[in-house]
Chemist: 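I have a structure here, written as structure tokens, and I will follow up with some questions on it.
Quick note: numbers below take in every heavy atom, side chains included, and nothing from hydrogens, waters or symmetry partners.
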Amino acid sequence: MPEKIDYDAKIPNNVNLSEDRRLQRALEGWQPKFMHWWGEMGPTLETQGVYLRTAVSVGREGWAHFDHVNVPDYRWGIFLAERDPDRRIAFGEHQGEPVWQQVPGEYRADLQRLIVIQGDTEPASVEQQKLLGLTAPSLYDLRNLFQVNVEEGRHLWAMVYLLHAYFGREGRDEAEGLLLRNSGSPDAPRILGAFNEETADWLAFYMFTYFTDRDGKYQLGTLKESSFDPLSRTCEFMLKEEAHHMMVGTTGVDRVVIRSAELIREHDTLDIGPHGGIPLDLIQKYINFHYTVSLDLFGSETSTNAANYYTAGLKGRWQETRRKDDHKLTDDARRLEKPAADGTWTSEELQAILLLNLDLRSEYVADCQTGVNRWNKILAEAGIDHTFRLPHPGFNREVGINSGHHVTPDGTIVDEATWEAGKRKWLPTTEDLAFVRSLMHPVYERGKIASWVAPPRQGINGKPFDYEYVHLT
């Protein structure tokens, strides 16, 4: 028999679960499978309590309640942002009509697919980060890892709620499928490539939460514009939690760069590997890899699917309502830069509606640059003459018009031999990864931190860095 769930205690929600028997039965059947997945694929390190933020309501006081929690007892909730009864469709052929509270039959398959793809990313990142607790550089970092993990789990619940509540038997089957695929599995991998990559060290974790979770921000932002109001409201609330994940990445890379700069000045050399630091050129390689893998998540630059989603009102642009155009794009054009057969770059003018993936990616690229500027400022203030850069968007791509071409980080199109010769300078090698992993010794003592990363400037929720964020077994 499925476990009977106390909806007030176990699943905080604002979707009236206690009154919906059909939905209760569906979730009662799914929850034990989720808990089995969490036990098998969730964090390896066992704890007795982690200082976690739990959402208990959508209000200012309710969505960020802090306390020590036994992680398997975390209250994964289902929350939608407050409904705007006057909200209308902002774009596409249904522009101006009231938003949908139910799924229109003609868009059922497409909406389900969008929800499944978004839902598939949430457990994937938990799986990728499964072992990181074993090498946490501090209790503060360990707490942040668990916070990211449980919120990704809650985001999975958010998508599963939509599948169960609005898509019937097919939705229930898809919800189970979200637990059957596993990151990196040769037989049942996750849908998107970046979520099958290994996150084997903490520098990779910081880069993932900076670059890949930032992609999540933009994808959720487009779904927040959806004419299907429950999806829109769900994503609006998820974006509150996604901000913390990106903070972990931004400040995590900050702290690695700060510590590397300290070691460079202390030993008067850029070769800080022998002194237990991560060299700047190796940090650049990690930037190159994680940034370009995340660019692939935006899909092909030209996309009729994205155009059709937009026209139908399923998925908008980033901050759609702030755009100063007709929100239909049928008469708008944009230029697309692409590689030519002769090894040069050319451009083509296309309808803007065919380039919606590129439009979203451009917003993302500009946002990513702000982090690179931060890290360069740290180096400049330390008097170190070195500059981090985002590689050209054609570099190291597996998806879109640049896949199949060999493009260097500075945007030069080269032949395969030149690419292979330069690859070791641009992307982490096996030796690089082994070196970074060699630094990953756990530090579980309060107020202490690993030697390759600087402590944070401030703790969580007003607590000091040396607070006991995690009670270990």
Side-chain angles (χ1 to χ4, degrees), residues 38-54 65-74 125-153 198-210 213 244-260 262-263 272-278 282-283 286 433-473:
W38 182 269
E40 291 288 318
M41 303 303 297
T44 296
L45 184 68
E46 294 185 5
T47 62
Q48 291 183 322
V50 182
Y51 189 66
L52 294 175
R53 177 181 73 182
T54 303
H65 176 75
F66 288 87
D67 201 359
H68 279 89
V69 178
N70 184 27
V71 175
D73 297 330
Y74 185 80
S125 60
V126 176
E127 294 164 351
Q128 289 173 295
Q129 298 155 16
K130 176 180 174 64
L131 301 177
L132 286 178
L134 302 175
T135 56
S138 72
L139 291 182
Y140 165 89
D141 288 286
L142 182 58
R143 177 266 168 202
N144 282 343
L145 171 67
F146 280 112
Q147 185 71 59
V148 169
N149 288 166
V150 296
E151 288 181 350
E152 300 291 15
E198 189 176 19
T199 306
D201 62 70
W202 277 79
L203 180 56
F205 174 65
Y206 296 147
M207 293 289 178
F208 182 96
T209 47
Y210 185 81
D213 279 322
H244 172 264
H245 306 181
M246 291 181 291
M247 182 280 292
V248 170
T250 302
T251 59
V253 181
D254 282 358
R255 293 160 50 216
V256 175
V257 174
I258 289 169
R259 182 58 180 150
S260 294
E262 290 172 349
L263 289 169
I272 56 173
H275 304 291
I278 301 179
L282 183 47
I283 296 174
Y286 270 64
L433 297 173
F435 167 72
V436 174
R437 289 177 195 179
S438 75
L439 301 177
M440 301 292 118
H441 300 293
V443 178
Y444 297 144
E445 187 178 346
R446 285 177 59 176
K448 303 295 185 181
I449 194 165
S451 61
W452 55 269
V453 61
R457 289 191 171 95
Q458 60 186 28
I460 301 297
N461 192 38
K463 304 295 184 184
F465 170 65
D466 63 358
Y467 181 69
E468 193 170 6
Y469 288 104
V470 181
H471 301 316
L472 295 171
T473 54

Chemist: Could you give me the CA-CA distance, side-chain angles and deciding distance for Val253 and Tyr286, then say whether side-chain contact (heavy atoms from CB on, under 4.5 Å) is met?
Modeler: CA-CA 11 Å; Val253 181; Tyr286 270 64; over 6 Å; no
Chemist: Provide the closest heavy-atom pair for Val248 versus Val148 in the form atom of the first, atom of the second, distance.
Modeler: CG2-CG2, 4.3 Å
Chemist: Do Met440 and Leu203 have side-chain heavy atoms sitting under 4.5 Å apart?
Modeler: no
Chemist: Where do Thr199 and Leu132 come nearest, in terms of heavy atoms and distance?
Modeler: O-CD2, 3.7 Å
Chemist: So does Glu468 have more than 12 non-hydrogen atoms from other groups sitting under 6.0 Å from CD?
Modeler: yes
Chemist: Over all heavy atoms of both residues, which pair between Pro43 and Val126 is shortest? Give the atoms and the distance, please.
Modeler: CD-CG1, 4.5 Å
Chemist: Under a 4.5 Å cut-off applied to non-hydrogen side-chain atoms, are Asp67 and Thr54 in contact?
Modeler: no
Chemist: State the CD-OG1 distance between Glu40 and Thr44, to the nearest 0.5 angstrom.
Modeler: 10.5 Å
Chemist: Grab the two heavy atoms, one from Leu145 and one from Trp202, that are nearest each other, plus how far apart they are.
Modeler: CB-CH2, 3.7 Å
Chemist: Minimum heavy-atom separation for Gly276 to Ser451, with atom names?
Modeler: O-OG, 4.1 Å
Chemist: Hey, is Glu262 close enough to Arg259 for a salt bridge, meaning N to O under 4.0 Å?
Modeler: yes
Chemist: List the atom pairs, with distances to 0.1 Å, where a side-chain N or O of residues 452-464 and a protein N or O form a donor-acceptor pair under 3.5 Å, not counting sequence neighbours.
Modeler:
from	atom 1	to	atom 2	distance (Å)
Trp452	NE1	Leu439	O	3.4
Asn461	ND2	Tyr51	OH	2.8

Chemist: Should the pair His68 and Tyr467 be assigned to parallel (<30°), tilted (30 to 60°) or perpendicular (>60°) ring geometry?
Modeler: tilted
Chemist: For Phe146 and His471, I'd like to know if the aromatic rings sit close, meaning centre-to-centre distance below 6.0 Å.
Modeler: no
Chemist: Has Gln129 got a side-chain atom pairing as donor or acceptor with Asn149's backbone, closer than 3.5 angstrom?
Modeler: no
Chemist: Show the numbers, then the answer: is there a side-chain contact (heavy atoms from CB on, under 4.5 Å) between Leu142 and Leu472?
Modeler: CA-CA 11 Å; Leu142 182 58; Leu472 295 171; 4.0 Å; yes
Chemist: One pair to check against side-chain contact (heavy atoms from CB on, under 4.5 Å): Val150 and Arg53. What are the steps and the verdict?
Modeler: CA-CA 9 Å; Val150 296; Arg53 177 181 73 182; over 6 Å; no
Chemist: If we only count heavy atoms from C-beta on, is the Tyr444 to Leu45 side-chain gap below 4.5 Å?
Modeler: yes
Chemist: Which atoms form the tightest heavy-atom contact between Ile449 and Val443, and what is the distance?
Modeler: N-CG1, 3.8 Å
Chemist: Could you check Ile283 against Met207 for side-chain contact (heavy atoms from CB on, under 4.5 Å), going step by step and ending with a plain yes or no?
Modeler: CA-CA 9 Å; Ile283 296 174; Met207 293 289 178; 4.0 Å; yes
Chemist: Are His245 and Glu151 close enough that a side-chain donor and a side-chain acceptor fall under 3.5 Å?
Modeler: yes
Chemist: Please say which of Asp201, Asp141, Thr250 ends up in a side chain to side chain donor-acceptor pair (under 3.5 Å) with Tyr206.
Modeler: Asp141
